[in-house]
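Order of listing sets the numbers, starting from 1, for every ligand and every atom in it.
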Amino acid sequence: MRAIELRSDHLRVLDQTRLPQEVRFEEYRNPEEIATALREMKIRGAPLIGLAGAMTLVLVARHNKGKSREEILSELHRAAEPLLKARPTGRDLYTLTERMLSVASEASDICSALEKELERIQESMEEISRKLGAIGATLIGNGQTVLTHCNTGFLAAPGEGTALAAIKFAWRSGKRIRVFVTETRPLLQGARLTLWELQREGIPATLIVDSAAGYCMQRGMVHIVMVGADRILPDGSVINKIGTYTLAVLAKRHGIPFYVVAPFSTFDPKGEVIVEERGKEEVLPQDWGLKVEVFNPAFDLTPPELITGVVTERGILGPQEVGKFAKD
Ligand code: MRU
């Protein structure tokens, strides 16, 4: 099963807001609809968001095939605008959109150049996911319990995902492991999506509320923490789902290794990050009738001193080494 797929004239999307109760696919034909699906998190996870952006530009090129080169280019730039605004924190959406626009600007046949580029992007993302899985799996010992946050599986990144790929590969290699899954307030990506993915694989999993992580660590129930990243800054700070920083502080307090599993595409040489803030209705039910302010940041920043290592497709880096590899 794929979370998103480009068909001839539409994007076929597994609506993640309906999981785990319902496996329902939707079809989107234009960039505005896709930007809305990104904002509503029907499509989510930094690498998958990036891929959705690249696929959208192919759709736009196909829909405008008969037009002049200049017209197609301007349609592509117009389409990129709402996409880039939809989820501002993850790095992949920017890099892949920029990459597609630059390919288009140099191509004589824009549509076929973008289709070929998309194929390359997709193949390489899947290959990277396999590498992250294989390398990350070596860090998980037989009999260990891994704690993971949010969703970092195939619902978040093409292939098998990032941190969840490592967990799946460890399990497939015959290690008897258990996974503690934080529910991941407020949208429950852990409870709804990660548990669904783990159940499909038959991997033993235990759901905990986010605030139970410290208690579980204190009781020796967690051997290793593995999370993904939406963006990694040149100083090695990791931007990831809100709650990641708290987990890293707790892991440090309890001497538990804390690994980030992320492709090089997540590394940001400039370190410019917008931390997305989402609506109050995600946290405070409207029908409570309470007129209060809600601060709902979707991501946080974990500084490098709390991170044991960053698993990349080229090996495991110390968090301080990350900056050396970040390039435009
Ligand atoms: O808000 P989301 O669900 O898109 O956030 C996803 C995460 O924070 C993941 O950990 C991150 O995208 C990396 S997973 C490949």
Report, one line per pair, each donor and acceptor closer than 3.5 Å where one atom sits in a side chain of residues 45-52; sequence neighbours left out.
none

Under 3.5 Å, which donor-acceptor pairs link side chains of residues 247-263 to any protein atom two or more places apart or in another chain?
| residue | atom | partner | partner atom | Å |
| --- | --- | --- | --- | --- |
| K252 | NZ | E305 | O | 3.0 |

Residues 102-111 side chain polar contacts: donor-acceptor under 3.5 Å, at least two apart:
| residue | atom | partner | partner atom | Å |
| --- | --- | --- | --- | --- |
| S105 | OG | S102 | O | 2.7 |
| D109 | OD1 | C111 | N | 3.4 |
| D109 | OD1 | S112 | N | 3.2 |

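Judged purely by distance below 3.5 Å, without hydrogens or angles, the side chains of R192 and N151 never pair a donor atom with an acceptor atom.
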Can you list the steps and then say if R7 with E27 is a side chain to side chain contact (heavy atoms under 4.5 Å, CB included)?
-> CA-CA 9 Å; R7 298 281 173 91; E27 295 179 2; 5.9 Å; no
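When all heavy atoms are compared, the tightest approach of P88 to Y94 is O-CE1, 3.6 Å.
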List, for ligand 1, each N/O atom that has a protein N/O partner under 3.5 Å away, with both atom names and the distance.
| residue | atom | partner | partner atom | Å |
| --- | --- | --- | --- | --- |
| ligand 1 | 1 (O) | R87 | NH2 | 2.7 |
| ligand 1 | 1 (O) | K241 | NZ | 2.8 |
| ligand 1 | 3 (O) | R44 | NE | 2.5 |
| ligand 1 | 3 (O) | R44 | NH2 | 3.3 |
| ligand 1 | 3 (O) | Q189 | NE2 | 2.9 |
| ligand 1 | 4 (O) | G45 | N | 3.0 |
| ligand 1 | 4 (O) | R87 | NH1 | 3.2 |
| ligand 1 | 8 (O) | D230 | OD1 | 2.8 |
| ligand 1 | 8 (O) | N240 | OD1 | 3.1 |
| ligand 1 | 8 (O) | K241 | N | 3.3 |
| ligand 1 | 10 (O) | N240 | OD1 | 2.7 |
| ligand 1 | 12 (O) | A46 | N | 2.8 |
| ligand 1 | 12 (O) | D230 | OD1 | 3.4 |
| ligand 1 | 12 (O) | D230 | OD2 | 3.0 |

